[in-house]
Amino acid sequence: MKILIVDDDSEKLQLVASRIKEVDEIGIELDTAQNVAQAKRALLKTQYDVMVLDVALPPTADLRANPTGGLELLSIFERDKRYLKPLEIR
(Lines give C-alpha, C1' and ligand atoms only; values in the text may rest on other atoms or scores of the structure.)
Protein backbone atom coordinates (compact mmCIF):
# COMPACT_ATOMS: atom_id res chain seq x y z
CA MET A 1 0.00 0.00 0.00
CA LYS A 2 1.29 3.46 -0.92
CA ILE A 3 0.38 6.48 1.22
CA LEU A 4 1.11 10.17 0.63
CA ILE A 5 0.85 12.53 3.62
CA VAL A 6 0.61 16.22 2.70
CA ASP A 7 0.96 18.74 5.54
CA ASP A 8 3.04 21.90 5.97
CA ASP A 9 3.39 21.38 9.72
CA SER A 10 6.51 19.20 10.03
CA GLU A 11 5.63 18.06 13.58
CA LYS A 12 2.16 16.94 12.52
CA LEU A 13 3.59 15.31 9.40
CA GLN A 14 6.06 13.27 11.45
CA LEU A 15 3.41 12.36 14.04
CA VAL A 16 1.03 10.99 11.38
CA ALA A 17 3.88 9.15 9.65
CA SER A 18 5.09 7.58 12.89
CA ARG A 19 1.57 6.45 13.84
CA ILE A 20 1.13 4.79 10.46
CA LYS A 21 4.49 3.05 10.80
CA GLU A 22 3.56 1.82 14.30
CA VAL A 23 0.53 -0.07 13.01
CA ASP A 24 2.03 -1.14 9.66
CA GLU A 25 1.72 -4.89 9.22
CA ILE A 26 1.63 -4.98 5.41
CA GLY A 27 4.72 -3.02 4.33
CA ILE A 28 3.29 0.42 3.68
CA GLU A 29 5.29 2.70 1.38
CA LEU A 30 5.07 6.17 2.88
CA ASP A 31 5.87 9.47 1.14
CA THR A 32 5.45 13.00 2.46
CA ALA A 33 5.04 16.47 0.98
CA GLN A 34 4.97 19.83 2.75
CA ASN A 35 3.40 21.99 0.05
CA VAL A 36 1.30 21.82 -3.11
CA ALA A 37 4.31 21.79 -5.45
CA GLN A 38 5.88 18.79 -3.68
CA ALA A 39 2.58 16.93 -3.67
CA LYS A 40 2.04 17.58 -7.38
CA ARG A 41 5.51 16.22 -8.19
CA ALA A 42 4.74 13.05 -6.22
CA LEU A 43 1.32 12.65 -7.87
CA LEU A 44 2.82 12.89 -11.35
CA LYS A 45 4.91 9.77 -10.84
CA THR A 46 3.15 7.60 -8.25
CA GLN A 47 -0.34 6.14 -7.93
CA TYR A 48 -1.11 6.29 -4.20
CA ASP A 49 -3.71 4.15 -2.50
CA VAL A 50 -4.32 6.83 0.14
CA MET A 51 -3.54 10.54 0.46
CA VAL A 52 -3.85 12.22 3.87
CA LEU A 53 -4.31 15.90 3.05
CA ASP A 54 -4.17 19.09 5.10
CA VAL A 55 -6.63 21.71 3.82
CA ALA A 56 -4.40 24.75 4.44
CA LEU A 57 -1.20 24.36 2.40
CA PRO A 58 1.35 26.72 0.90
CA PRO A 59 1.80 26.57 -2.88
CA THR A 60 5.60 26.26 -2.49
CA ALA A 61 8.10 26.01 0.37
CA ASP A 62 8.85 29.75 0.38
CA LEU A 63 5.23 30.95 0.70
CA ARG A 64 2.73 31.01 3.55
CA ALA A 65 -0.11 28.54 3.78
CA ASN A 66 -3.20 29.25 1.70
CA PRO A 67 -6.38 28.41 3.69
CA THR A 68 -7.69 26.45 0.69
CA GLY A 69 -4.40 25.16 -0.73
CA GLY A 70 -5.33 21.52 -0.10
CA LEU A 71 -8.70 21.97 -1.76
CA GLU A 72 -6.99 23.54 -4.77
CA LEU A 73 -4.71 20.52 -4.94
CA LEU A 74 -7.79 18.29 -5.13
CA SER A 75 -9.12 20.27 -8.08
CA ILE A 76 -6.11 19.32 -10.22
CA PHE A 77 -7.53 15.84 -10.67
CA GLU A 78 -10.46 17.33 -12.57
CA ARG A 79 -8.37 19.75 -14.65
CA ASP A 80 -5.24 17.78 -15.45
CA LYS A 81 -5.32 14.05 -16.11
CA ARG A 82 -1.50 13.79 -15.91
CA TYR A 83 -1.82 13.55 -12.13
CA LEU A 84 -2.52 10.11 -10.67
CA LYS A 85 -5.52 10.44 -8.38
CA PRO A 86 -5.21 8.48 -5.12
CA LEU A 87 -7.83 5.83 -4.55
CA GLU A 88 -8.77 7.35 -1.16
CA ILE A 89 -8.31 10.93 0.08
CA ARG A 90 -8.64 11.70 3.80
Side-chain angles (χ1 to χ4, degrees):
M1 174 178 278
K2 296 179 184 178
I3 299 176
L4 175 63
I5 304 169
V6 187
D7 198 312
D8 60 314
D9 181 329
S10 58
E11 284 185 33
K12 195 182 313 177
L13 190 71
Q14 292 306 317
L15 178 64
V16 172
S18 68
R19 295 292 188 245
I20 290 171
K21 289 176 185 175
E22 285 176 11
V23 298
D24 179 13
E25 295 180 0
I26 59 172
I28 292 173
E29 294 177 41
L30 190 59
D31 292 333
T32 61
Q34 290 188 290
N35 56 61
V36 173
Q38 288 178 353
K40 286 170 73 174
R41 281 194 296 276
L43 293 163
L44 277 172
K45 62 182 180 177
T46 303
Q47 173 73 61
Y48 291 97
D49 298 296
V50 176
M51 179 169 66
V52 179
L53 180 64
D54 184 9
V55 175
L57 289 171
T60 60
D62 58 336
L63 296 175
R64 294 175 59 176
N66 175 343
T68 60
L71 299 176
E72 291 171 17
L73 178 61
L74 290 178
S75 72
I76 68 164
F77 301 120
E78 301 301 319
R79 294 190 323 261
D80 193 334
K81 299 303 180 194
R82 295 177 303 152
Y83 295 98
L84 303 169
K85 184 178 181 180
L87 302 176
E88 292 287 332
I89 301 170
R90 303 286 174 184

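Here the structure is a predicted model, which means the values were calculated and not measured. The figures that follow rest on heavy atoms only: side chains count, while hydrogens, waters and symmetry mates do not.
- Grouping the Ile, Leu, Val, Met, Phe, Trp and Tyr side chains by contacts below 4.5 angstrom, directly or via other members, places L30 apart from L53.
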Report the C-alpha separation of M1 and L87 in whole Å, then their side-chain angles, then the decisive distance to 0.1 Å, and conclude whether the side-chain contact (heavy atoms from CB on, under 4.5 Å) test is met.
CA-CA 11 Å; M1 174 178 278; L87 302 176; over 6 Å; no
Show me the donor-acceptor pairs within less than 3.5 Å that the side chains of residues 2-10 make with the rest of the protein, sequence neighbours left out.
residue, atom, partner, partner atom, Å
D7, OD1, D9, N, 2.8
D9, OD1, E11, N, 3.0
D9, OD1, K12, N, 3.1

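- Through direct or indirect side-chain contacts shorter than 4.5 Å among Ile, Leu, Val, Met, Phe, Trp and Tyr, L15 is connected to no other residue.
- Residue pairs that meet the salt bridge (Lys or Arg N to Asp or Glu O under 4.0 Å) test with at least one member in residues 18-37, sequence neighbours left out, are R19-E22.
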Only pairs under 3.5 Å count here: list side-chain donor-acceptor contacts from residues 57-67, not counting sequence neighbours, and write none if there are none.
residue, atom, partner, partner atom, Å
T60, OG1, D62, OD1, 2.4
N66, OD1, T68, N, 2.9
N66, OD1, T68, OG1, 3.2
N66, ND2, E72, OE2, 3.3

For a quick test of your reading: what N or O donor-acceptor pairs under 3.5 Å do the side chains of residues 32-42 make, sequence neighbours left out?
residue, atom, partner, partner atom, Å
N35, OD1, A37, N, 3.1
N35, OD1, Q38, N, 2.8
Q38, OE1, Q34, N, 2.5

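- Residues satisfying the side chain to side chain contact (heavy atoms under 4.5 Å, CB included) criterion with L84, sequence neighbours excluded, are Q47.
- Each of Y48 and I26 belongs to its own hydrophobic cluster when Ile, Leu, Val, Met, Phe, Trp and Tyr are linked at side-chain heavy-atom distances under 4.5 angstrom.
- When hydrophobic clusters are built by joining Ile, Leu, Val, Met, Phe, Trp and Tyr residues whose side-chain heavy atoms come closer than 4.5 Å, directly or via intermediates, L13 is grouped together with V16.
- Applying the salt bridge (Lys or Arg N to Asp or Glu O under 4.0 Å) test to pairs two or more places apart or on separate chains, those with a residue in residues 77-90 are D80-R82, E88-R90.
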